[in-house]
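Note sheet for the following structure.
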Amino acid sequence: MPAQKVETGHEDTVHDVAMDYYGKCIATASSDTTIKITGVSNNAGHQHLATLRGHKGPVWQVAWAHPKFGSILASCSYDGQVIIWKEGNQNEWALAYVFNEHKSSVNSIAWAPHELGLCLACGSCDGNISVFTAKSDGGWDTTRIDQAHPVGVTSVSWAPSIAPGALVGSGLLDPVQKLASGGCDNTVKVWKQYNGTWKLDCFPALQKHSDWVRDVAWAPNLGLPKSTIASASQDGTVVIWTVAKEGERWDGKVLKDFKTPVWRVSWSLTGNILAVADGNNSVTLWKEAVDGEWQQVSTVEQ
């Protein structure tokens, strides 16, 4: 599929782009304080569908909820707010809910696997992670991980809801509620919810980076026995963390030193290819070989 250039219409830097579940439209977040929804299709070009206004500072990230909950988008901003947007009639978006839990910039948001319900994790410069879960009466329950990374949380990512090694669709297991987070303390941490309370699930914290962790991404596992997390850092490295089974220690392996800050890491839906975006404006794709070594399979042309 050839690359397409999308004119977003933003008046300042675009910080994030997220494609909806069906690949029909993208949401973009910008320093101009707005979110824009753009329709994308292979033949009809691009169409501006909506501009969402409600934030008072740069918008760092946007995230689409699973379509089984309706057409819902979350955004987070430097202004400390997390906003839930809902589409009523086609292309008519309304501000559905505003969370003001955080006292400073909210840097990262991530929707939980849909099996856990409509549930959003948020990481902030105040050092805390908040998790908002929609209730049947239209309200939201809030749980928190206080001082998850005391100098600031940069990124959050959910574990797959199916336990590693479990047969998909066996239906015998309660869904897993786990999160990975990265922070300005140069560490990656894993959290698990026990009876409504979040507790650290890795001892000690995962340490291989020498500067801020910019992004974490938990890989889909598709029934594999091991769990895998990728982390990207200001120090130029991407580290692949794996644990063979529950309760064992995570092992970290440097994928590569990119010699420039690495901003984002993202897994393919099958969890076998990792995309890496770095400070040289390049995106590379990586795959694990049979011998366990990681190899670059391609570069995405910009």
Side-chain angles (χ1 to χ4, degrees), residues 15-18 27-31 33 35 52 54-66 69 72-86 95-114 116-135 138-159 161 177-185 187-193 196-201 212-218 229 231-232 263-266:
H15 297 289
D16 194 27
V17 56
T28 48
S30 169
S31 277
T33 75
I35 295 127
L52 313 186
H55 285 295
K56 301 176 186 71
V59 186
W60 300 132
Q61 275 191 13
V62 281
W64 296 92
H66 190 278
F69 302 110
I72 292 174
L73 186 71
S75 59
C76 64
S77 167
Y78 179 80
D79 64 12
Q81 295 189 127
V82 175
I83 299 181
I84 308 290
W85 310 85
K86 195 158 190 180
L95 191 152
Y97 215 89
V98 180
F99 299 112
N100 289 302
E101 293 285 311
H102 293 284
K103 301 294 171 270
S104 55
S105 177
V106 180
N107 303 319
S108 180
I109 47 175
W111 290 106
H114 64 86
L116 303 180
L118 188 61
C119 179
L120 185 73
C122 315
S124 168
C125 276
D126 63 14
N128 304 330
I129 294 170
S130 55
V131 180
F132 305 113
T133 307
K135 298 190 291 188
W140 295 77
D141 279 329
T142 306
T143 55
R144 280 167 55 139
I145 307 171
D146 285 320
Q147 296 303 287
H149 298 266
V151 277
V153 183
T154 58
S155 47
V156 286
S157 178
W158 289 86
S161 63
Q177 295 205 43
K178 277 190 181 183
L179 273 174
S181 62
C184 305
D185 57 3
T187 71
V188 173
K189 293 181 180 178
V190 177
W191 310 90
K192 186 174 183 181
Q193 192 173 40
T197 305
W198 290 92
K199 296 201 167 119
L200 194 61
D201 196 53
W212 289 17
V213 175
R214 287 286 182 188
D215 198 22
V216 289
W218 203 308
I229 296 170
S231 60
W263 298 105
R264 297 294 286 272
V265 277
S266 177

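Model, not experiment: these values are computed from the prediction. For the single chain, residues carry numbers from 1 onward in sequence order.
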Taking atom CH2 as the centre, does W212 end up with more than 12 heavy-atom neighbours from other residues, nucleotides or ligands that are less than 6.0 angstrom away?
no
Residues which pass side chain to side chain contact (heavy atoms under 4.5 Å, CB included) with V17, listed by chain and number, not counting sequence neighbours
I26, T28
For K86, check side chain to side chain contact (heavy atoms under 4.5 Å, CB included) against everything at least two apart and list the hits.
I72, A96
Could you work out, with ring-ring contact (aromatic ring centres under 6.0 Å, His included) as the rule, every residue matching F99, not counting sequence neighbours?
Y97, F132, W140
For W60, give me all partners under ring-ring contact (aromatic ring centres under 6.0 Å, His included), at least two apart in sequence or on another chain.
H15
Under the ring-ring contact (aromatic ring centres under 6.0 Å, His included) test, which residues partner H114, sequence neighbours left out?
H66
Test side chain to side chain contact (heavy atoms under 4.5 Å, CB included) on T33 and K56; report intermediate values, then the result.
CA-CA 6 Å; T33 75; K56 301 176 186 71; over 6 Å; no
Test of understanding: with salt bridge (charged side-chain N to carboxylate O under 4.0 Å, His left out), list the residues that count as partners of K192, not counting sequence neighbours.
E246
Residues passing the side chain to side chain contact (heavy atoms under 4.5 Å, CB included) test with S231, sequence neighbours excluded, are V188, H209, V213, V216, V239, W241
Derivation and outcome, side chain to side chain contact (heavy atoms under 4.5 Å, CB included), residues S104 and S124:
CA-CA 7 Å; S104 55; S124 168; 3.8 Å; yes
Sorted by chain and residue number, the salt bridge (charged side-chain N to carboxylate O under 4.0 Å, His left out) partners of D126 (sequence neighbours excluded) come out as none
Side-chain heavy atoms of T154 within contact of H149, under 4.5 Å:
no
Residues in side chain to side chain contact (heavy atoms under 4.5 Å, CB included) with C119, at least two apart?
A112, V131, T133, W158
For residues 145-154, which residue pairs pass the salt bridge (Lys or Arg N to Asp or Glu O under 4.0 Å) check, not counting sequence neighbours?
R144-D146
Residue pair N100 / Q81, side-chain heavy-atom distance below 4.5 Å
yes
Please tell me if the side chains of L52 and I83 come closer than 4.5 Å, counting only heavy atoms from C-beta onward.
no
Is there a side chain to side chain contact (heavy atoms under 4.5 Å, CB included) between N128 and K103? Walk through the geometry before answering.
CA-CA 10 Å; N128 304 330; K103 301 294 171 270; over 6 Å; no
K199: which residues meet the salt bridge (charged side-chain N to carboxylate O under 4.0 Å, His left out) condition with it, sequence neighbours left out?
none
Under the side chain to side chain contact (heavy atoms under 4.5 Å, CB included) criterion, do V106 and E101 qualify, and how do the steps go?
CA-CA 10 Å; V106 180; E101 293 285 311; over 6 Å; no
Check: I145 and L179 side chains under 4.5 Å, non-hydrogen atoms:
yes
Sorted by chain and residue number, the ring-ring contact (aromatic ring centres under 6.0 Å, His included) partners of W191 (sequence neighbours excluded) come out as none
